[in-house]
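For ligands, and for the atoms within them, numbers begin at 1 and follow the listed sequence.
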Amino acid sequence: IQQLDTERLRQHVADQLVRARERTALLTDAVDEHDLVRQHSRLMSPLVWDLAHVGSQEELWLVRDVGGREPVRQDIDELYDAFRHARADRPALPLLGPAEARGYVRQVRDKALDVLAASALSGHRLVDHGFAFGMIAQHEQQHDETMLATHQLRSGPPVLHAPDPPAASAGPLPAEVLIPGGVFTMGTSTEPWALDNERPAHQVHVPAFFLDTTPVTNGRYLEFIDAGGYAEPRWWSQEGWAHRQRADLSAPRFWRRDGSGWLRTRFGVVEPVPPDEPVVHVCYHEAEAYARWAGRRLPTEAEWEKAARHDPATGRSRRYPWGDTDPGPDRANLGQRHLRPAPVGAYPRGASPLGVHQLIGDVWEWTSTDFHGYPGFSVFPYPEYSQVFFGGEYKVLRGGSFGTDQVACRGTFRNWDFPIRRQIFAGFRTARDARPEELA
Ligand code: AVJ
Ligand code: FE
């Protein structure tokens, strides 16, 4: 029986690696060689860097570390070390060309699958439950989301196509949901492929609060714009206002005014801004200013996770808002199946027991919390995944976007970025404290 389980786990691992590679191929085969090597934005690497970097990480962890095999290309380690060269400088490096990079990742993958076939997937922490393989599948999918953001920054005719997400079907929803106060379990010590920053499980007391039922829509965000929100320093933090001035912000990224309305560009397609879709491509400062204008605030990370995982019936924290089962296409807009957020109310089957919708998928959600390790955090397996980013510089984002694969998305998953970043697929929802008389 143990043998059979290991075989099934091995197949699951292989499936995740294959799915990641199919996504990578889609994103890198969609453009010509020139578009692969060029810089579409100083915020991003050339696509061909991401491609070979994915192979390089797979070589380091699976081929060399887990497999104990000879290096494939030790000479290029340095080129694809994200800490050695800033994104803006990567186009000038002597990178592998498109054909070389494709050959390299194929060679590494063949060896990694060999290592997988030979691994017991147990016996030491790096391979228990297939962790290192899962980490590498997640890493590739994370870069696939980054490459999707590069595509969004690319100019020229559209090259990526996908069907639209489902229409709203939930019926009228209340504006906000009360999340009762009390202790809940945040983080995890049992999710096999959870990364170090999601661990360990720990108890957190979260006072009663109200959370928006859905992410803030373009329509609502437009009210903030129309009310002069971008011109009123009182809605912004000091740091936020300074950034609003410096960067001359006046609307979400990729929007432009068209007469009395607004257009946005999405993967090369220009279209009217859809009012019922979650707003995307706003930075933390914009989210915070909107919330203050609305008389509300951003949720803390703990509030977000409690809303997404706490089951009031059992007191247990679950993997997802709907329970412990993996996301399917009826639960959440994930995996680049659709190249846009779905309208609010499109995923009634993805709602939490208390009726909070679309916590998973559609848009990453800014929280007010700085990225830190949980109490009892320990680095695993390397400090450069999470630990070096702990401190006050990064804000935590939760829930994943339409560009996030489910292997890299759970109720415990933590993303982070600088509060000025807008090229990621980030939106937000707002919260407020519950007043004592509302709890009676
Ligand atoms: C978790 C999305 C912030 O892209 O910087 C990729 C993921 N880490 N390679 C990033 C990651 C190393 C990371 N984020
Ligand atoms: Fe990486």
Side-chain angles (χ1 to χ4, degrees), residues 17 20-21 23-24 27-28 41 43-62 65 76-88 90 93 95 101 104-105 108 132 134-153 193-199 283-284 301 334 336 363-367 369-374 377 379-391 393-410 412-426:
L17 290 171
R21 190 52 47 86
R23 179 61 52 193
T24 302
L27 290 159
T28 51
S41 158
L43 293 176
M44 310 306 278
S45 315
L47 292 165
V48 78
W49 186 92
D50 286 284
L51 176 61
H53 166 80
V54 155
S56 177
Q57 288 291 110
E58 186 166 325
E59 167 173 6
L60 288 174
W61 287 104
L62 301 186
D65 205 314
I76 59 173
D77 288 0
E78 184 272 334
L79 286 176
Y80 297 103
D81 178 344
F83 291 86
R84 292 291 278 273
H85 308 282
R87 284 181 175 180
R90 292 174 190 167
L93 299 171
L95 302 176
Y104 171 62
V105 299
V108 170
M135 177 181 81
I136 288 301
Q138 292 181 68
H139 179 257
E140 181 160 353
Q141 291 282 8
Q142 288 176 320
H143 278 272
D144 290 342
E145 181 165 359
T146 298
M147 289 195 271
L148 190 67
T150 305
H151 270 270
Q152 171 62 16
L153 287 158
W193 290 3
L195 301 168
D196 60 0
N197 66 54
E198 298 166 70
R199 302 168 186 270
C283 70
Y284 175 84
E301 180 181 21
L334 290 167
Q336 305 184 21
V363 291
W364 286 104
E365 299 181 21
W366 288 108
T367 74
T369 302
D370 293 343
F371 188 47
H372 280 109
Y374 290 152
F377 170 84
V379 168
F380 185 75
Y382 66 117
E384 291 82 10
Y385 181 76
S386 317
Q387 195 192 36
V388 299
F389 300 100
F390 291 162
E393 286 213 84
Y394 297 88
K395 290 294 183 188
V396 173
L397 299 115
R398 289 302 204 99
S401 78
F402 64 88
T404 310
D405 188 81
Q406 66 176 64
V407 79
C409 190
R410 317 169 259 284
T412 55
F413 191 92
R414 309 174 74 196
N415 193 5
W416 63 92
D417 214 327
F418 292 118
I420 64 169
R421 288 293 182 247
R422 311 208 291 171
Q423 87 282 5
I424 55 176
F425 304 108

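Looking at Glu198 and Thr412, their side chains do bring a donor and an acceptor atom within 3.5 Å of each other. Judged purely by distance below 3.5 Å, without hydrogens or angles, the side chains of Glu58 and His139 never pair a donor atom with an acceptor atom.
Shown here are the side-chain hydrogen bond (donor to acceptor under 3.5 Å, both in side chains) partners of Arg422, two or more places apart in sequence or in another chain: Glu286. Residues meeting the ring pair (Phe, Tyr, Trp, His ring centres under 6.0 Å) test with Phe425, sequence neighbours left out: His281, Phe402.
Listed by chain and number, the protein N, O or S atoms at a distance under 2.8 Å from the Fe ion (ligand 2) are His53 NE2, His139 NE2, His143 NE2.
The aromatic rings of Trp416 and Tyr385 stand perpendicular to each other, their planes meeting at an angle above 60°, with 30° marking the opposite boundary.
Residues Ile76 and Tyr104 form a side-chain contact, since some pair of their non-hydrogen atoms from C-beta on lies under 4.5 Å apart.
Salt bridge annotation for Asp417-Lys395: absent, with no cationic side-chain nitrogen under 4.0 angstrom from a carboxylate oxygen.
When each of Tyr394, Phe389, Phe390, Trp366 is checked for a ring pair (Phe, Tyr, Trp, His ring centres under 6.0 Å) with Phe371, only Phe390 meets the rule.
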### Task
Tell me, with the steps shown, if Arg90 and Ser45 meet side chain to side chain donor-acceptor pair (under 3.5 Å).
CA-CA 6 Å; Arg90 292 174 190 167; Ser45 315; 2.8 Å; yes

Sub-3.5 Å pairs, protein N or O with ligand 1 N or O:
residue: ligand 1; atom: 9 (N); partner: His139; partner atom: NE2; Å: 3.0
residue: ligand 1; atom: 9 (N); partner: His143; partner atom: NE2; Å: 3.1

